[in-house]
Amino acid sequence: MTSHSPDTDTSGPLQMHLPDNKLAQELFGPHHQHLHALGAKLNIHITARGNHVTIKGDRARDAKALLDVYYSRLVNGGHFDTSEFERTADKIALASTETQLRDSLALASGYADFAIKTRKKTILPRTENQAAYIAALRRNELVFGLGPAGTGKTYLAVARAVEMLVAGEVERLVLSRPAVEAGERLGFLPGDMKEKVDPYLRPLYDALHDTLGADQLEKRLAAGEVEIAPLAFMRGRTLSHAFVILDEGQNTTPVQMKMFLTRLGEGSRMVITGDLSQIDLPSGQRSGLFDACETLQDVPGVAMLQFDQNDVVRHRLVGAIVKAYDLRDARARGRQR
């Protein structure tokens with residue numbers, strides 16, 4: 001890619017025509033805010049009238065390439081995320097070689113080969129680690145997804161589970177979490193058992209609702225094809241022809257984790273997710289997730305994927321928040337030495 005000084009456009013404006021008006025408006029954003037943000041980051045001028053776009057400036061070609069990629073994603077059923085779009089535009093702005101530009105555009109394309117197709121939407125990875133994670137979910141019977149909140153480790157696992165259920169590749173989904181803390185002290189909470197555990201399982205319900213839809217979720221829950229339960233309910237069971245997910249695995253004890261891992265039955269897949277920096281166990285208690293990763297790291301057929309703050313795909317502030325806390329913790333460890 002050739003470098004230019006600002007405001008020295010000699011190539012004339014580039015034109016884009018987007019056939020689908022609805023998708024064009026989604027791409028432009030409310031009051032064309034996505035176009036304005038891209039223009040500011042690349043120091044170019046972008047205007048839109050109807051579904052026709054005019055781009056002027058030295059980086060007009062790069063802007064058009066990015067808009068083409070995101071429009072194609074929308075046409076193919078992909079989801080548009082403003083924070084992701086702005087992060088990608090930042091990468092495009094910083095790209096100083098053709099290779100860097102191509103890599104940024106490849107990432108923006110969402111790695112179409114790794115798309116997860118659910119009843120409600122097509123889900124595309126947004127980072128290289130997410131693409132590697134989806135590949136691992138397809139290849140391996142046991143996968144560990146490790147990293148901070150917002151990296152998609154649980155959401156993508158649920159989406160893959162829904163994809164396999166709808167395709168008939170598994171007969172049911174079983175999703176679990178340690179309730180409250182690793183000790184699962186439910187007795188002190190008000191209400192019946194469902195009322196006690198539902199708040200702790202809500203993130204799993206939310207992911208299922210987003211990928212399966214409310215009606216299908218209710219039907220499949222009633223039919224027993226989808227089961228969401230605290231970890232304690234897994235004892236004594238063998239889960240065959242199922243996709244089994246354990247969320248918040250860092251809050252298990254080694255005994256609980258071994259119990260869960262040995263539930264894996266014929267024709268099943270298992271995913272354990274967690275964040276080893278957010279362990280809520282009593283002081284001195286070893287995390288079952290840490291213990292399992294250490295014990296199983298060389299076992300064939302077991303995949304372990306590590307995410308970091310660069311994979312955070314929630315609101316753009318979440319990544320900054322995670323990084324700030326990591327820096328604070330690093331300083332605290334330095335003072336304790």
Side-chain angles (χ1 to χ4, degrees), residues 106-107 110-118 123-165 167 169-178 203-204 207-208 211 231 234 238-252 254 256-279 286-313:
L107 184 59
Y111 299 99
D113 290 343
F114 298 93
I116 297 175
K117 296 182 179 180
T118 69
I123 297 164
L124 300 167
R126 303 180 189 176
T127 70
E128 293 180 20
N129 281 337
Q130 285 193 353
Y133 185 53
I134 291 173
L137 292 173
R138 290 176 174 172
R139 289 194 306 262
N140 298 276
E141 293 177 320
L142 177 58
V143 177
F144 288 83
L146 313 171
T151 52
K153 55 189 184 296
T154 300
Y155 186 87
L156 291 174
V158 171
R160 175 60 179 152
V162 167
E163 183 180 49
M164 291 188 71
L165 178 66
E169 297 177 58
V170 294
E171 296 175 358
R172 57 180 171 153
L173 310 186
V174 180
L175 289 75
S176 185
R177 293 182 109 196
L204 300 177
L208 284 167
T211 54
L231 177 59
M234 298 296 108
T238 298
L239 302 170
S240 301
H241 305 290
F243 198 114
V244 190
I245 299 174
L246 174 63
D247 192 29
E248 299 290 340
Q250 76 276 4
N251 288 330
T252 63
Q256 289 173 320
M257 180 60 76
K258 182 180 178 182
M259 177 275 293
F260 184 81
L261 290 171
T262 54
R263 302 309 94 198
L264 185 64
E266 182 181 355
S268 289
R269 298 292 184 96
M270 182 174 282
V271 181
I272 292 91
T273 66
D275 180 358
L276 289 171
S277 71
Q278 297 292 325
I279 297 172
R286 184 175 173 84
S287 166
L289 179 59
F290 182 87
D291 184 73
C293 291
E294 189 176 69
T295 303
L296 303 176
Q297 60 181 338
D298 296 322
V299 175
V302 178
M304 297 184 185
L305 280 295
Q306 179 68 57
F307 297 93
D308 58 35
Q309 66 266 18
N310 295 319
D311 299 301
V312 172
V313 293

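Scope of the values below: all heavy atoms of this structure, side chains included, with no hydrogens, waters or symmetry mates.
Distance alone, capped at 3.5 Å, places no donor-acceptor pair between the Arg172 side chain and the His241 backbone. A donor-acceptor contact shorter than 3.5 Å links the side chain of Lys153 to the backbone of Gly147. Here the side chain of Ser287 pairs a donor or acceptor atom with the backbone of Gln250 at under 3.5 angstrom. Within the 3.5 Å criterion, the main-chain N or O of Leu264 finds no donor-acceptor partner in the side chain of Ser268. Remark: side-chain polar atoms of Thr273 are not paired, donor with acceptor, to backbone N or O of Gly145 under 3.5 angstrom.
Screening residues 291-301 for side chain to side chain donor-acceptor pair (under 3.5 Å), with sequence neighbours left out, gives Arg286-Asp291, Arg286-Glu294.
Between Pro203 and Arg177, some side-chain heavy-atom pair lies under the 4.5 Å cut-off. In this structure, the side chains of Leu142 and Leu296 come closer than 4.5 Å at one or more pairs of heavy atoms. Under the 4.5 Å side-chain criterion, counting only non-hydrogen atoms from C-beta, Pro178 is not in contact with Gln256. At least one side-chain heavy atom of Tyr133 sits less than 4.5 Å from a side-chain heavy atom of Val271. Side-chain contact between Asn129 and Leu305: absent, with no pair of heavy atoms (C-beta onward) separated by less than 4.5 Å.
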(request) Show your working on side-chain contact (heavy atoms from CB on, under 4.5 Å) between Asp275 and Leu146 and close with a plain yes or no. (result) CA-CA 6 Å; Asp275 180 358; Leu146 313 171; over 6 Å; no
(request) Apply side-chain contact (heavy atoms from CB on, under 4.5 Å) to Leu175 and Asp247, showing your working. (result) CA-CA 8 Å; Leu175 289 75; Asp247 192 29; over 6 Å; no
(message) Please determine whether side-chain contact (heavy atoms from CB on, under 4.5 Å) holds for the pair Ile272 and Phe260, giving the CA-CA distance in whole Å, both sets of side-chain angles, and the decisive distance to 0.1 Å.
(response) CA-CA 10 Å; Ile272 292 91; Phe260 184 81; 4.2 Å; yes
(request) Determine, stepwise, if the pair Leu246 / Met257 fulfils side-chain contact (heavy atoms from CB on, under 4.5 Å). (result) CA-CA 9 Å; Leu246 174 63; Met257 180 60 76; 4.1 Å; yes
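Crowding of Glu169 atom CD: a count of heavy atoms from other residues, nucleotides or ligands under 6.0 Å exceeding 12.
No side-chain N or O of Gln130 forms a donor-acceptor pair with one of Glu128 less than 3.5 Å apart.
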